[in-house]
Amino acid sequence: MPEPSESKLRVLIPRDKIHARIQEMGEQIHKDYPEGPIYMIGILKGSWIFLADLVRAIPRHVRVEFIGISSYGRGKTSSGEVRLTKDIDVSLEGMDIIVVEDIVDTGVTLTYLIHLLEQRKPRSIKVATLLDKPSRRLRPIQATYCGFTVPDEFVVGYGLDFAEDYRNLPEICVVE
Ligand code: 5GP
């Protein structure tokens, strides 16, 4: 496998399309929820840029928390193991939660996380993901809010990494 610095990148989704779509997603979320706060729970680290843009597109009271889940090693393939690396320390009982993910791939990570969060008795749990790779799904999980469906290629940028590089790219690119 080439070093990240030697990889070639091809733009898959340009930044103006990402921004326009996130704006729409924020407006939709605002319409769908009754009055009251929404807990937006970002999964570290990939979701942080998407989460930062999404909360600014929701014209209401939101609260932000982060949870750490590790399922991938330093390369492009999953280790197959999901681990909680950072928990949240507020009560979620009776709250409306939106789990914010960068990309849903096999669905293993989200299935694990939703099961974990359900035990904390929230009022509702939904998922907002920037990207969805449905062709790779191993668990029957569906995000309520999805930015873009992508093909089965390894993507980086806008928070998504390859061995910790490329998170700061302003567009979504394919590593070739
Ligand atoms: P899942 O458990 O759904 O297979 O994996 C979800 C996680 O795998 C994502 O949060 C992300 O960290 C990582 N992942 C899956 N596909 C890609 C990809 O194409 N690019 C990057 N950078 N990460 C991916």
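Just follow the structure's listing: the first ligand is 1, and inside any ligand the first atom is 1.
- Between the side chains of Q23 and H19, no donor-acceptor pair of N or O atoms lies under 3.5 Å.
- The contact set between ligand 1 and K133, taken as ligand atoms under 4.0 Å from a residue heavy atom, comprises 16 (N), 17 (C), 18 (C), 19 (O).
- Heavy-atom separations between G46 and ligand 1 are all 4.0 Å or longer.
- Within ligand 1, the atoms closer than 4.0 Å to a non-hydrogen atom of D161 are 21 (C), 22 (N), numbered from 1 in the order shown.
- Within the 4.0 Å heavy-atom criterion, the part of E153 lying near ligand 1 is the backbone and not the side chain.
- Taking a 4.0 Å cut-off on heavy atoms, R137 fails to register as neighbouring ligand 1.
- Residue-ligand proximity, G107 to ligand 1, at heavy-atom distances under 4.0 Å covers atoms 1 (P), 3 (O), 4 (O).
- Although no hydrogens or angles enter the test, the distance criterion places a donor-acceptor pair under 3.5 Å between the side chain of R21 and the main chain of G147.
- With a 4.0 Å heavy-atom cut-off, ligand 1 is reached by the side chain of D102 but not by its N, CA, C or O.
- Other residues, nucleotides and ligands place no more than 12 heavy atoms under 6.0 Å from the NZ atom of K45.
- Side-chain N/O atoms of D32 and Y145 include a donor and acceptor closer than 3.5 Å.
- Comparing heavy-atom distances from atom 18 (C) of ligand 1 across F154, Y158, F162 singles out F154 as nearest.
- Heavy-atom neighbours of Q142 CD from other residues, nucleotides or ligands within 6.0 Å: at or below the threshold of 12.
- Side-chain atoms of D96 and S124 include a donor-acceptor pair closer than 3.5 Å.
- Heavy-atom contacts from other residues, nucleotides or ligands closer than 6.0 Å to NZ of K86 number more than 12.
- One option in V174, I103, V155 has a heavy atom closer to atom 21 (C) of ligand 1 than any other, and that option is V155.
- Using a non-hydrogen distance threshold of 4.0 Å, R139 does not register as a contact of ligand 1.
- Heavy atoms from other residues, nucleotides or ligands lying under 6.0 Å from NE2 of H115 number 12 at most.
- Here atom 5 (O) of ligand 1 lies nearest to T109 when heavy atoms of I141, I69, T109, V108 are compared.
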